[in-house]
Amino acid sequence: MQQTLVLLKPDALERGLVGEIISRLEGRGLKIVAMKIIWVDEALAKRHYAVHESKPFFEGLVEFITSRPIIAAVFEGEDAVAVVRNAMGDTDPARAAPGTIRGDLAQDIGRNLVHGSDSEETAEEEIKLFFYQKEIFNYSEEID
Ligand code: IDP
Ligand code: MG
């Protein structure tokens, strides 16, 4: 079992696509184990996107993700990281395949609706940035 961080970016909420995106991820067999709506501050945005610090789009990215509320979630399942990445499609919606969230629903690389961790290691770090352990539901402990 793997866990991965999913962010529904401000454009997902603005465009009323939250249900559709969650539904697509659940449809791939993933379970929601944590979810909340939050307004990301600049410090969190910069930590989350630290790997892109030197990129020309960094400032705009931080500005966008902090502009309005987002939904942060942890999805769990077998190969959850890869399953989410495949469901999301390419970073650039113009290159994202039909059938993917970005390929079907997004038009702009800077407004691509969703974030998903890109490796198991990144997922662990990113989940810790957004959630306390006690906020993440543990099915195996609670249900037998
Ligand atoms: P990912 O979200 O598919 O993992 P990353 O390369 O990690 O893509 O980039 C993080 C986010 O930064 C992207 O989702 C996108 O919103 C934004 N981004 C990436 N490349 C560009 C670009 O060339 N122009 C504008 N925004 C970009
Ligand atoms: Mg990324």
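Remember, predicted model here, so these are calculated numbers, not experimental data.
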Atom of Pro10, atom of Ile70 and distance for their closest heavy-atom approach: CD-CG2, 3.5 Å
Taking Asp41 for the side chain and Leu44 for the main chain, is one N or O donor matched with an acceptor at less than 3.5 Å? yes
Rounded at 0.5 Å granularity, tell me how far CG in Leu129 sits from CG in Leu5. 8.5 Å
Pairwise side-chain contact, Pro93 with Ile109, heavy-atom cut-off 4.5 Å (strictly under): yes
Would you please say whether a donor-acceptor pair under 3.5 Å links the side chains of Ser117 and Glu126? yes
Heavy atoms from other residues, nucleotides or ligands near CZ of Arg95 exceed 12 (cutoff 6.0 Å): no
Atom CD1 in Ile127, atom OG1 in Thr4: separation rounded to 0.5 Å? 6.0 Å
Hey, does the side chain of Arg102 reach the backbone of Ala96 with a donor-acceptor pair shorter than 3.5 angstrom? no
Gap between atom OG1 of Thr100 and atom CG of Asn86 - 0.5 Å precision: 9.5 Å
Look at atom CD of Glu63 and say whether more than 12 heavy atoms of other residues, nucleotides or ligands are closer to it than 6.0 Å. no
Any side-chain heavy-atom pair from Pro69 and Ile38 closer than 4.5 angstrom? no
For Arg68, I'd like to know if atom CZ has over 12 heavy atoms of other residues, nucleotides or ligands within 6.0 Å. yes
Aromatic ring pairing Tyr49/His52, orientation class (parallel under 30°, perpendicular over 60°, tilted between): tilted
Can you list, by chain and residue number, the hydrophobic cluster partners of Leu30 when the side-chain cut-off is 4.5 Å? Val6, Leu8, Leu13, Leu17, Val18, Ile21, Ile22, Leu25, Ile32, Met35, Ile37, Ile71, Phe75, Val83, Val84, Met88, Ile101, Leu105, Leu113, Val114
In terms of hydrophobic clustering (I, L, V, M, F, W, Y; side-chain heavy atoms under 4.5 Å; direct or indirect links), are Trp39 and Ile65 co-clustered? no
Within-4.5 Å side-chain heavy-atom neighbours: Lys36 and Glu135: yes
For Gln3, the option from Glu124, Glu76, Lys31 that meets side-chain hydrogen bond (donor to acceptor under 3.5 Å, both in side chains): Glu76
Heavy-atom pair of closest approach, residues Arg111 and Ala106: O-CB, 3.8 Å
Test your reading of the model: is there a side-chain donor-acceptor pair from Arg85 to the backbone of Gly116, 3.5 Å cut-off? yes
Looking at Asp104 and Arg24, is any side-chain nitrogen of the basic one under 4.0 Å from a carboxylate oxygen of the acidic one? yes
Residue pair Glu78, Gln2: steps toward the side-chain contact (heavy atoms from CB on, under 4.5 Å) verdict: CA-CA 6 Å; Glu78 210 162 307; Gln2 216 173 43; over 6 Å; no
Is there side-chain contact between Val74 and Phe137, with at least one heavy-atom pair below 4.5 Å? no
To the nearest 0.5 Å, what is the distance between NZ on Lys46 and OG1 on Thr66? 9.5 Å
Would you name the heavy atoms of Ala34 and Phe131 that are closest together and state the gap between them? CB-CE2, 3.7 Å
With a 4.5 Å cut-off on side-chain heavy-atom distances among I, L, V, M, F, W and Y, is there a chain of contacts connecting Ile136 to Tyr139? yes
Axial cation check for Phe64 ring with Lys9, 6.0 Å and 45° limits: no
Is the ring pair His48/His115 parallel, tilted or perpendicular, if the boundaries are 30 and 60 degrees? perpendicular
